[in-house]
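To start, the structure itself, in structure tokens.
When reading the values below, keep in mind they use all heavy atoms of this one structure, side chains included, and skip hydrogens, waters and symmetry mates. The first residue of the sequence shown is numbered 1, and numbering continues consecutively from there.
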Amino acid sequence: MLKIKAADKMVQVMAAWGIDNVYGLPGDSVDTTVEALYRHQDQIKFTQVRHEEVAALAASAHAKLTGRVGVCLSIGGPGAIHLLNGLYDAKMDHAPVVAIVGQVQSQLLNTGFFQEVDTTNLCADVAVYNKLVTSPTTLPKLMDEAIRMAYKYQGVSVLTIPDDIPDHKIADNFQPTAGQFQLQRPQAQISEVDQALRMLQHAQKPLVLLGTGARHAQAAAREFVERYALPFIQTMPAKGIIADDHPNALGQIGKLGTKPAYEAMFNADLLILIGTDYPYAPYLNQHIPAIQIDWDPSKIGHRHNVALSLVADAQSALTLLNARGQVVNGRPFLAACQKNMRIWRSWMHDVQNKPHTGVLPSKMFAQLSKTAPKDVIWSVDVGTATSFGARFIDVQPTQKYTISAWLGTMGCALPGGIAAKSVWPQRLVYAICGDGAFAMVMQDFVTAVKYNLPMVVVVLNNKLLAFIEYEQQSAGQQNYAVDLAEIDFAKFAEACGGVGVNVTTDAEFAQALEKYQHPTKPVLINAAVYDEAPLPGKIVKDEAQGYLHFGFDYFKENFQMPKMPPFQEILRQFL
């Protein structure tokens, strides 16, 4: 029987599953695996990053954007520890990721050798599949299982591989299961669908909350809200499943959402949850019945008491709902919500035109949204970028949008941009970051340069952890440790071999966007932004009291009033 190195067979298994890129850093405990990737570089690319956290965040974004397994690789010990942040992002956003983690050679295990860390225990919480490979003959099979389990459970698989194991020759007789694998989701039952339609028929003010579980059912979801004249809210990571500027759209809910979404939620008489496990339960109206559609039975009733559950794939359920119900030609509740949204959008127009110095974030994001091509990919960081992206970027179904939704880790936008540009080299990619978030991963801007990934990175540079600044204020706390030392990120971009642009006005920002619509190398726009408050769409009583407490204490300490958001904005979003 033919013999093959275990590492080569493992790489063949990965290629059979359609894996075409691995993000990582080589090193002593993973060298034999990297050597196999070198031998098979015509099948699988290796994207060398400068920090393992970026490798895992890129793999997570790769999975979220494509629906296909993302793969990252690192040495054991410190490298594996660095991976954890990105792996938790994948776990919490239900992204299928495989992590290949090196380990000391088999004969040195459990001896306290240099960089020996028990990575199997380390990754126990983050992983749905977590194995230490102990035999060369099992390596291909375990990789096959790892990929399958990542898909099945939409989570992280970790393979810890002592570096001697991949170098052994094994019988070349393992067949990957990629060709036989099908992810079966439960199908909707007609009896349950008809019951849901009866509830919908009797409701006067039904409201839809749409999550990422409906991402593969874009057309059916749009038909559903149009057929039954339903206002809808999309969760943050679900932006663009239906166009954000659709006539029935109310934006997002929660602190980063809109006032019309908040008011619709607490005036509705039926809530229809589709493919979402939205975590902020206080923003859900708990006093009305709910219909929940989710393929995962563990999510049913997790955040809201459910009157009717459809444990089913969203495409299946929505297709039946659309086929079996009568069209609703008009609904007063929808008309009222649409009127609220027209008022809200007029308010947001006012927000973009208030007096300011520097570049105004709200205007910046509106400009990005207005000029972006129909197939742009948005990779948005955590912080004020998240807030302004939610409110001022109208994502379209032809576009893609990725953030760190559940973990909310700063530094996710640049790795997301690297992944997006690696998969779709012909599409424009915007990676939008705050100065605090970008500084956490900025070394990997050079990765984009090295691999000729001509994305546009926008840095909101206000020398502040601005989201935390306003978080402290809304809690009634004084601002402390939120100021940042200034970095000229444009010079840094130039030093990496990219293009760096400093902009200090709205007009300069608009000019930079126009100039780099078709970048030929990575571009960084370092925008000196105005410190604009990312106010909640609806300011609740506790937040208003917090702002008052902050202002009073600030005055006592400094004998002057603090800089506050415009009173008109606060009043509109509080009353």
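- In this model, no donor atom of one side chain and acceptor atom of the other lie less than 3.5 Å apart for Gln204 and Asp269.
- Under the salt bridge (charged side-chain N to carboxylate O under 4.0 Å, His left out) criterion, the residue pairs touching residues 313-328 are Asp194-Arg324, with sequence neighbours excluded.
- Side-chain N/O atoms of Thr319 and Gln315 include a donor and acceptor closer than 3.5 Å.
- Partners of Tyr129 under the side-chain hydrogen bond (donor to acceptor under 3.5 Å, both in side chains) rule, at least two apart in sequence or in another chain, are Glu145.
- Using a distance-only test at 3.5 Å, with no hydrogens or angles considered, no donor-acceptor pair links the side chain of Glu263 to the main chain of Pro260.
- A donor-acceptor contact shorter than 3.5 Å is absent between the side chain of Gln399 and the backbone of Ala372.
- Taking CZ from Phe266 and CD from Gln286, the interatomic distance works out to 8.0 Å, rounded to the nearest 0.5 Å.
- Between Asp89 and Ser60, the side chains place a donor N or O and an acceptor N or O closer than 3.5 Å (distance only, hydrogens not considered).
- For the pair Arg222 (side chain) and Ile242 (backbone), a donor-acceptor distance under 3.5 Å is absent.
- The distance from atom NE2 of His94 to atom CG of Asp296, rounded to the nearest 0.5 Å, is 8.0 Å.
- Looking at Leu183 and Gln154, their side chains come closer than 4.5 Å, going by heavy atoms from C-beta outward.
- Distance alone, capped at 3.5 Å, is enough to place a donor-acceptor pair between the Ser316 side chain and the Ala188 backbone.
- Of the N and O atoms on the side chains of Glu532 and Ser362, at least one donor lies less than 3.5 Å from an acceptor on the other residue.
- Residues satisfying the side-chain hydrogen bond (donor to acceptor under 3.5 Å, both in side chains) test with Tyr151, not counting sequence neighbours, are none.
- One N or O on the side chain of Gln292 and one on the backbone of Lys299 form a donor-acceptor pair closer than 3.5 Å.
- The main-chain N or O of Glu469 is found under 3.5 Å from a side-chain atom of Asn479 such that the two form a donor-acceptor pair.
- Among residues two or more places apart in sequence or in another chain, the side chain to side chain contact (heavy atoms under 4.5 Å, CB included) test is passed with Val128 by Tyr153, Ser157.
- No donor-acceptor distance shorter than 3.5 angstrom exists from the side chain of Asp483 to the backbone of Leu464, with no hydrogens or angles considered.
- The distance from atom CD of Glu52 to atom CG of Leu57, rounded to the nearest 0.5 Å, is 12.0 Å.
- Distance alone, capped at 3.5 Å, places no donor-acceptor pair between the Lys64 side chain and the Pro96 backbone.
- At a cut-off of 3.5 Å, with distance as the only test, a side-chain donor of His246 or Glu226 sits close to an acceptor on the other residue.
- The salt bridge (charged side-chain N to carboxylate O under 4.0 Å, His left out) analysis of residues 270-283, with sequence neighbours excluded, yields the pairs Asp277-Arg303.
- Partners of Arg148 by side-chain hydrogen bond (donor to acceptor under 3.5 Å, both in side chains), not counting sequence neighbours, listed by chain and number: Asp144, Thr177.
- A donor-acceptor pair is defined here as one N or O able to donate and one able to accept, closer than 3.5 Å; no such pair exists between the side chain of Thr402 and the backbone of Leu65.
- Note: Tyr228 and Phe224 have perpendicular aromatic rings, judged against thresholds of 30 and 60 degrees for the angle between ring planes.
- Arg68 places no side-chain N or O within 3.5 Å of a backbone atom of Ala63 that could act as its donor or acceptor partner.
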